[in-house]
Amino acid sequence: MDYPYKKEFSQNLVEWFHREKRDLPWRRTSDPYKIWVSEVMLQQTRVDTVIPYYNRFIDKYPTIETLAYAPQEELLKMWEGLGYYSRARNLQSGVKEVVEKYDGTVPDNRHDISKLKGVGPYTAGAILSIAYNKPEHAVDGNVMRVLSRVLNITDDIALPKTRKIFEIAVEELIDENDPGSFNQGIMDLGAMICTPTSPKCLLCPVREFCTAYNEGDPASLPVKSKKTKTKSEKYKVFIARNSNGQFLLEKRSEEGLLANMWQFPMILIEKEHEPNKKFEQTYHLQISHTIDEEFLTFKHVFSHLTWFMDCILVEVNQEKLLPTHTQFFTLEQLEQYPMPVPMLKILNVLK
DNA sequence: AACACGGGGGT
DNA sequence: ACCCCAGTGTT
């Protein structure tokens with residue numbers, strides 16, 4: 001690497017971090033388990049969103065053992081609204097392995113920690129550097145943005161192989177005496193100063209060592225090829241109330257989108273079939289009458305998919321036994337079960 | 001290497 | 001409306 005400011009960059013960065021770092025709940029602990037929880041929550045998720053979830057989560061599961069033995073339904077409820085729910089299931093799987101195989105002590109080396117479910121190259125490096133003070137790289141989108149500018153790296157960060165370039169760069173730049181502050185310093189810099197659009201270069205502690213600032217155009221980096229294929233699905237959602245005032249809910253498949261989360265039954269509108277009939281057949285019910293044909297209409301955007309939802313409120317009679325993973329609940333019971341945000345939107349209107 | 005997998009914030 | 005993501009697992 002022909003970057004001439006290795007030492008100065010790292011020193012300024014770490015000094016800035018110690019001066020300006022945000023006071024975050026997971027920065028008040030050195031417990032590797034808690035650092036782990038925070039890092040998993042922070043994957044693809046902003047700090048401000050994570051803070052209340054982290055606090056509730058650690059309150060509920062203060063030790064690695066308490067999380068290892070938690071019921072999955074309860075765990076998903078704690079994660080409700082955070083998204084990427086496989087993170088929660090993988091985290092518990094990894095935590096279980098640590099309890100059973102390592103006597104509850106999170107491994108302190110990349111080889112072992114990387115075998116844990118949900119711990120990829122980034123999270124491994126983050127835990128090792130922050131909790132164990134190991135000089136390990138932790139390259140995420142933030143680090144790639146900052147370093148692409150500092151080193152004027154123009155490779156496409158959407159390509160998996162590009163991450164390797166940044167890992168090598170971090171290995172060269174990292175402060176061996178304080179690797180945790182170095183890695184977190186880049187993250188805070190990326191969050192507070194070296195932002196995706198309109199970077200605040202005039203406030204940047206490493207401006208004078210930034211290649212793009214001095215010779216190029218920071219705002220045009222990093223280079224990232226965007227993929228825009230997103231599809232749409234239209235659903236008729238049935239808010240079905242029985243004569244006891246209970247509502248029908250179903251548990252989604254244990255695989256795929258929103259795995260194991262609960263929802264109001266919904267029928268995919270493909271051609272122009274009879275969704276009401278399909279609903280009655282699928283759930284072994286009879287619609288006695290419609291209470292509100294236009295109860296609620298909205299759309300919900302996922303990263304790769306948009307749901308268009310037409311919700312109808314109906315009164316139903318139970319014909320025979322309900323299908324598995326399907327159950328009537330009172331409004332009070334229903335709130336104990338983990339539901340994705342689009343269903344919470346419906347629930348809020350219903351209440 | 002491509003894709004699936006949530007959700008919220010910024011402009 | 002359209003942009004941005006503090007990644008990992010599966011295929």
Side-chain angles (χ1 to χ4, degrees), chain A residues 21-22 24 26-27 35-54 76 79-91 93-94 113-127 129-130 137-148 156-164 166-167 183-192 194-200 219-231 233 252-261 263 299-307 338-345:
Chain A
K21 65 181 169 189
R22 293 169 291 180
L24 304 171
W26 47 89
R27 288 183 176 166
I35 307 288
W36 184 2
V37 169
S38 74
E39 287 302 335
V40 172
M41 285 187 171
L42 287 165
Q43 291 167 11
Q44 315 292 59
T45 312
R46 287 187 155 68
V47 164
D48 290 342
T49 304
V50 166
I51 289 172
Y53 281 90
Y54 173 85
L76 285 176
W79 209 270
E80 181 184 79
L82 254 191
Y84 284 119
Y85 301 96
S86 63
R87 289 184 296 174
R89 292 182 284 116
N90 289 337
L91 172 62
S93 173
I113 203 172
S114 297
K115 288 179 179 164
L116 302 172
K117 201 84 165 176
V119 179
Y122 165 77
T123 306
I127 297 171
S129 63
I130 298 170
H137 59 75
V139 173
D140 56 13
N142 224 333
V143 171
M144 289 195 283
R145 183 174 61 257
V146 171
L147 291 187
S148 72
D156 182 356
I157 66 164
L159 271 42
K161 62 173 182 180
T162 302
R163 204 192 66 229
K164 189 73 187 167
F166 289 94
E167 288 175 352
N183 283 338
Q184 292 179 93
I186 296 193
M187 292 175 203
D188 273 19
L189 192 65
M192 300 157 68
C194 198
T195 48
T197 56
S198 347
K200 302 165 180 59
S220 69
L221 293 171
V223 174
K224 185 179 184 182
S225 63
K226 48 178 175 270
K227 47 191 99 173
T228 51
K229 61 170 172 345
T230 167
K231 59 175 182 177
E233 290 175 349
R252 292 178 62 90
S253 157
E254 60 185 58
E255 291 182 337
L257 183 65
L258 304 171
N260 289 337
M261 304 290 280
Q263 65 181 14
K299 75 168 178 174
H300 184 82
V301 181
F302 300 94
S303 54
H304 59 303
L305 173 69
T306 302
W307 278 357
M339 305 204 302
V341 166
M343 295 299 149
L344 294 175
K345 289 180 189 170

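Heavy atoms of A:Thr195 sit nowhere under 4.0 angstrom from any nucleic acid atom. Residue contacts shown for A:Asp48 are absent, as no nucleic acid heavy atom lies under 4.0 Å away. Among the heavy atoms of the strands, none lies under 4.0 Å from A:Ala138. At the heavy-atom level, A:Val119 lies under 4.0 Å from the strands shown only through sugar-phosphate atoms. Within the nucleic acid shown, A:Arg22 comes within 4.0 Å of at least one base atom, counting heavy atoms only.
Partners of A:Ser114 according to the side chain to side chain contact (heavy atoms under 4.5 Å, CB included) rule, which considers only residues two or more places apart in sequence or in another chain, are A:Arg110, A:Ala124. Residues that satisfy the salt bridge (Lys or Arg N to Asp or Glu O under 4.0 Å) test with A:Arg27, not counting sequence neighbours, are A:Asp188. Judged as a side-chain hydrogen bond (donor to acceptor under 3.5 Å, both in side chains), and not counting sequence neighbours, A:Asp140 has no contacts. With sequence neighbours left out, the side-chain hydrogen bond (donor to acceptor under 3.5 Å, both in side chains) criterion links A:Ser148 to no other residue. With sequence neighbours excluded, the residues forming a side chain to side chain contact (heavy atoms under 4.5 Å, CB included) with A:Gln43 are A:Val40, A:Arg87, A:Thr123, listed by chain and number. A:Glu80 is linked by a side chain to side chain contact (heavy atoms under 4.5 Å, CB included) to A:Lys77, A:Met339, A:Leu344, counting only residues two or more places apart in sequence or in another chain. A:Ser86 is linked by a side chain to side chain contact (heavy atoms under 4.5 Å, CB included) to A:Arg89, A:Asn90, counting only residues two or more places apart in sequence or in another chain.
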Interface polar pairs with nucleotides 6-8 of chain B, N/O, under 3.5 angstrom:
unit_1 : atom_1 : unit_2   : atom_2 : d
B:dG6  : OP1    : A:Tyr85  : N      : 3.1
B:dG6  : OP2    : A:Leu258 : N      : 2.5
B:dG6  : O4'    : A:Tyr84  : N      : 3.0
B:dG6  : N7     : A:Ser303 : OG     : 3.2
B:dG6  : O6     : A:Tyr84  : OH     : 3.4
B:dG6  : N1     : A:Gln44  : O      : 3.2
B:dG6  : N2     : A:Gln44  : O      : 2.6
B:dG6  : N2     : A:Thr45  : OG1    : 3.2
B:dG7  : OP1    : A:Tyr85  : OH     : 2.5
B:dG7  : OP1    : A:Val341 : N      : 3.2
B:dG7  : OP2    : A:His300 : NE2    : 3.2
B:dG7  : O3'    : A:Gly81  : O      : 3.3
B:dG8  : N2     : A:Arg46  : NH1    : 2.8

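Closest contact between the side chain of A:Pro160 and the listed nucleotides B:dA1, C:dT8, B:dT11 involves B:dA1.
The phosphate of C:dC3 has neither OP1 nor OP2 within less than 4.0 Å of any side-chain N or O from A:Lys224. Proximity of A:Arg145 to the phosphate of C:dA6: a side-chain N or O atom is located under 4.0 Å from OP1 or OP2. Proximity of A:Lys117 to the phosphate of C:dT10: a side-chain N or O atom is located under 4.0 Å from OP1 or OP2.
Straight-line distance between the P atoms of C:dT11 and B:dG6: roughly 16 Å, to the nearest whole Å. Here, C:dG9 and B:dG8 have their C1' atoms 23 Å apart, quoted to the whole Å. Of the P atoms belonging to C:dT8 and B:dG9, the separation is 23 Å, rounded to the nearest Å.
With pairs defined as Watson-Crick or G-U wobble and both atom distances under 3.5 Å, the stems of at least three pairs that touch DNA chain B come out as B:1-5 with C:7-11, B:7-11 with C:1-5.
Regarding A:Asn142, its CG atom lies at a distance of 15 Å from the C1' atom of B:dG10, rounded to whole Å.
Side-chain atoms of A:Trp26 and A:Met41, non-hydrogen and from C-beta on, never get closer than 4.5 Å to each other.
Toward the 5' end of DNA chain C, the nearer of the two residues A:Leu42 and A:Gly118, judged by each one's closest nucleotide, is A:Leu42. Comparing A:Thr197 and A:Glu255 against DNA chain B, the residue whose closest nucleotide sits nearer the 5' end is A:Glu255.
Closest approach of A:Val50 and A:Thr45 over heavy atoms only: CG2-CG2, 3.7 Å.
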